[in-house]
Amino acid sequence: MPTLIPILGDQLSHSLASLRAVPKSEAIILMMEVTEEATHVPHHPQKIALFFSAMRHFAAELREQGWTVDYVTLDDAQNTGGFTHEVTRAAARHAASRIVTVKAGEWRVLAAQASWPNVTLLDDDRFLCSIDQFAAWAAPRKRLVMEDFYRIMRRQTGLLMDGDQPIGGQWNYDADNRKAVPKGHRFTPPLRFAPDAITAEVLALVRTRFDNHFGALDSFAWPVTRHHALEALHDFITHRLPGFGDYQDAMVTGEDVLNHSLLSPALNLGLLSPLEVCQAAQAAFHAGTAPLNAVEGFIRQIIGWREYVRGLYWFAGPDYTSRNHLNAHRPLPALFWGAPTDLKCLSEAVDATRRNAMAHHIQRLMILGNFAMLTGTDPAEVHRWYLAVYADALEWVEAPNVIGMSQFADGGLMATKPYAAGGAYVNRMGNHCRTCRYDVKARTGPTACPLNSLYWDFLARHEETLASNQRLWRMYDGWRRFSADEQQRIRAQAATFLANLA
Ligand code: FAD
Ligand code: DLZ
C-alpha cells in the first residue's frame, strides 16, 4: 500500500525531508490548491498566483523525475477547500497505509497536520538553526539579542569567517550601511519573469476567483521555478549586491526595489536554500566583485534575522499573534487598503504593496509599521494585513517582524524598544518629504507632518509603560522639555488627526 506525501505550497524543495524519507516506488505525492489557504486572510492576488504557479511547476518537475503526483487544482469540482479534508480524501482514494509530511511553518496548519490519520511529521530541515537549537539558546536568556545569535550562526556556517574570527575583524558593518542615495543615482531594475502557459492559466484562475482581494495582478513577474530563482539570485549578486549595504535603509520616491534582492518569496517557498544564497554572496566577496559591508549585511539578514525570527516564532508559542502589550485597539485605518492619504511616505509604501505584493524592509518597519503603532492600531489586525499583502508572507517570518519588531506587541521579547519615529527620521532616510504636502519640520498647525504629533503623543500615551526603558530616556527627556502648553498643543493635534482617521 502506498505512502501519501502531502507537500504544502511553501515546501517546494527537491531535497525536502519527506522526499528523502520515502522511496519513489512507494510514494504518492499530494499537492492541493485550497480556498481556505487563499482566503483565511485575503491574500494579495499576486501572492495566490505565485503559490499556485510555483506549486504547479514543482509538481511538473517531480513528475519528470518519476514521482507519482496527485495534484488537486482549485477548480476541481471535488475539491473540498481545506487541507485536512483533501488529505483524508486522497488517503482513501489511494488506499494509503500512512502519511508522511514535513511540519508546516505555522501553528494553525501544524495543528491540522497533527490530526491527520496515521501521520509521521518530519522536521523542516531547510533552515540552518533547528527549532530545538534555537530553544536551547533562548531558554536561559533574559533577552534574545539577535547579534549574539548571529555570531553563533556565523561560526556554525563558517560564512565570512577566518578561523574563529570574522573576516575583516568586525562582525557587523551596519554603521557603514546608512548612506543617503545621491540625487540622480540609477539602480539596476531586477529581472522580471514573463508568465509562461502554466502561469497564464493560474493568472486567469486567480483573476476570476479573487478579484475582490486588494492588489494588482497584471504586473506579475515573480520567479516561479528553481531555475528562475537561480537566475534572480545571479542577477542580484551581479547588479545589486555590490551596493546592497550602502543604501540598505534608504527610501526613494518612485524606486520600489533599490538594491534589495527580492529573493524572499523564492527563499520562503523553498525554491532557494538560505545557505546557497549566502554562499553566492560570499563568493562575490572573495571574487572582489562586492565589498564586505554589502556581503556581511546581506548574509546577516539571512543567517541572522531570518533564522532568528523563525526560531522566535516557534519559541514564543501559538498565542504570539494575539499579544497586545501596548493595549492598542484601533481598527486598521482604511489607507492600508488603498484609501487616499496625503502622507507621501505612506502612499508610496501602500501603492508599492498594491502593485507588487512587496515593499522593502524600511517601508514595512518605519513607514507602515511605525504608523500603525503610533496610531494605536490593533496588532492582530496589523498582523493579518501583513500576512495578506506580501508575496513572501508566511506566519513564521511575518508574525515576529510585525508583532515583535514593528508593533512592540510582545513587550520586548524581540525588540529592545519600540521602533517609533517622527517625520525627522523619514526625512533623513529618503526624499519623500520633499514632495509631500505636509511640512516635516512642523509639529503643530494645519500643514504639520502628522507623524510628529503622533510620535510625541505615542510616547506620552505610553509613559507609564515605556519611560523606564533606558533606550527611550533621551526621547522622554525631549518630551519633558516641551512647555505644558506645547505638550497640550501637540496632543490636541494628534487627537484631531486620530479622530479623522477612518
Ligand atoms: P533583502 O533586503 O534583499 O534581504 C535579503 C533577505 O534577508 C530577504 O530576502 C529575507 O529572506 C532576509 N531578511 C531580511 N530582513 C529580514 C527580517 N527582518 N526577517 C526575516 N528575514 C529577513 N520577510 C519575509 O520574508 N516575510 C514577511 O512576511 C516579512 N514581513 C515583515 C514585516 C515587517 C513589519 C517587517 C519590518 C519585516 C518583514 N520581513 C518579512 C522582513 C523583510 O522586510 C523582508 O524579508 C524583505 O523586505 C524582503 O525583501 P528582499 O528579499 O528584497 O530583502
Ligand atoms: C499561501 C498559500 C496559498 C495562498 N495557497 C496555498 C494552497 O492552496 N495550497 C498550499 O499547499 N499552500 C498554500 N499556501 C501556503 C500555505 O498557506 C502554507 O504552506 C501554510 O501556511 C504553512 O506554512
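Each ligand, and each atom within it, is numbered from 1 in the order the structure gives.
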Open item on the list: Would D378 and R330 count as a salt bridge (Lys or Arg N to Asp or Glu O under 4.0 Å) here? Give the steps.
Closed with: CA-CA 5 Å; D378 189 328; R330 177 180 301 280; over 6 Å; no

When the ring planes of [X] and [Y] are compared, do they come out parallel, tilted or perpendicular, using 30° and 60° as the limits?
{"X": "F298", "Y": "F236", "result": "tilted"}
{"X": "W137", "Y": "Y308", "result": "perpendicular"}
{"X": "W385", "Y": "F336", "result": "perpendicular"}

Only heavy atoms count here, so choose which of [options] is nearest to [atom].
{"atom": "atom 14 (C) of ligand 1", "options": "Q301, M358, R300, M146", "result": "Q301"}
{"atom": "atom 9 (N) of ligand 2", "options": "K47, E37, M32", "result": "M32"}
{"atom": "atom 42 (C) of ligand 1", "options": "M366, H260, Q248, H361", "result": "H361"}

[X] to ligand 1: N or O pair under 3.5 Å?
{"X": "Y386", "result": "no"}
{"X": "H360", "result": "no"}
{"X": "S406", "result": "no"}
{"X": "F244", "result": "no"}
{"X": "M405", "result": "no"}

Give a yes or no on this: more than 12 heavy atoms of other residues, nucleotides or ligands lie within 6.0 Å of atom [atom1] of [X].
{"X": "E201", "atom1": "CD", "answer": "no"}
{"X": "H234", "atom1": "NE2", "answer": "no"}
{"X": "Y419", "atom1": "OH", "answer": "no"}
{"X": "H227", "atom1": "NE2", "answer": "no"}
{"X": "R141", "atom1": "CZ", "answer": "yes"}
{"X": "R384", "atom1": "CZ", "answer": "no"}

Among all protein heavy atoms in this structure, tell me which lies nearest to [atom], with the distance rounded to 0.1 Å.
{"atom": "atom 8 (O) of ligand 2", "value": "V34 N, 2.8 Å"}
{"atom": "atom 19 (O) of ligand 2", "value": "D10 OD1, 2.8 Å"}
{"atom": "atom 33 (C) of ligand 1", "value": "N401 CB, 3.6 Å"}
{"atom": "atom 48 (C) of ligand 1", "value": "S264 OG, 3.1 Å"}
{"atom": "atom 14 (N) of ligand 2", "value": "F51 CD2, 3.7 Å"}
{"atom": "atom 50 (P) of ligand 1", "value": "L262 N, 3.5 Å"}
{"atom": "atom 6 (C) of ligand 1", "value": "I302 CG1, 3.7 Å"}
{"atom": "atom 21 (O) of ligand 2", "value": "E106 OE1, 2.9 Å"}

Task: H43-F51 aromatic ring centre distance below 6.0 Å - done: no

Task: Contact partition for F236 relative to ligand 1, non-hydrogen atoms under 4.0 Å - done: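 Within the 4.0 Å criterion, F236 makes no contact with ligand 1.
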
- [ ] Could you tell me whether some N/O pair between H43 and ligand 2 is separated by less than 3.5 angstrom?
- [x] no

Open item on the list: Under 3.5 Å between any N/O of G9 and any N/O of ligand 2: does that happen in this structure?
Closed with: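 Yes.
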
Is a side-chain donor-acceptor pair under 3.5 Å present for [Y] with [X]?
{"X": "H360", "Y": "D256", "value": "no"}
{"X": "S13", "Y": "S15", "value": "no"}
{"X": "N356", "Y": "Q46", "value": "no"}

Open item on the list: Using a strict threshold of under 4.0 Å (side-chain N to carboxylate O), is an ion pair present between R56 and E61?
Closed with: no

Per-atom contacts, ligand 1 versus [X] - under 4.0 Å to a heavy atom:
{"X": "V402", "answer": "32 (C), 34 (C)"}
{"X": "N268", "answer": "24 (C), 25 (O), 26 (N)"}
{"X": "L365", "answer": "36 (C)"}

- [ ] Answer yes or no for F298: is there a heavy-atom contact with ligand 1 below 4.0 Å?
- [x] yes

Open item on the list: Please work out, at 4.0 Å between heavy atoms, whether the side chain, the backbone, both, or neither of F52 comes within that distance of ligand 2.
Closed with: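 Under 4.0 Å from ligand 2, F52 contributes side-chain atoms alone.
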
Task: Proximity flag M55 to ligand 2, non-hydrogen atoms under 4.0 Å - done: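 M55 counts as a contact of ligand 2 under the 4.0 Å cut-off.
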
Open item on the list: With the threshold set at under 4.0 angstrom, would you say F83 reaches ligand 2 through any of its heavy atoms?
Closed with: yes

Task: Numbered atoms and elements of ligand 2 in range of G105, under 4.0 angstrom, heavy atoms - done: 22 (C), 23 (O)

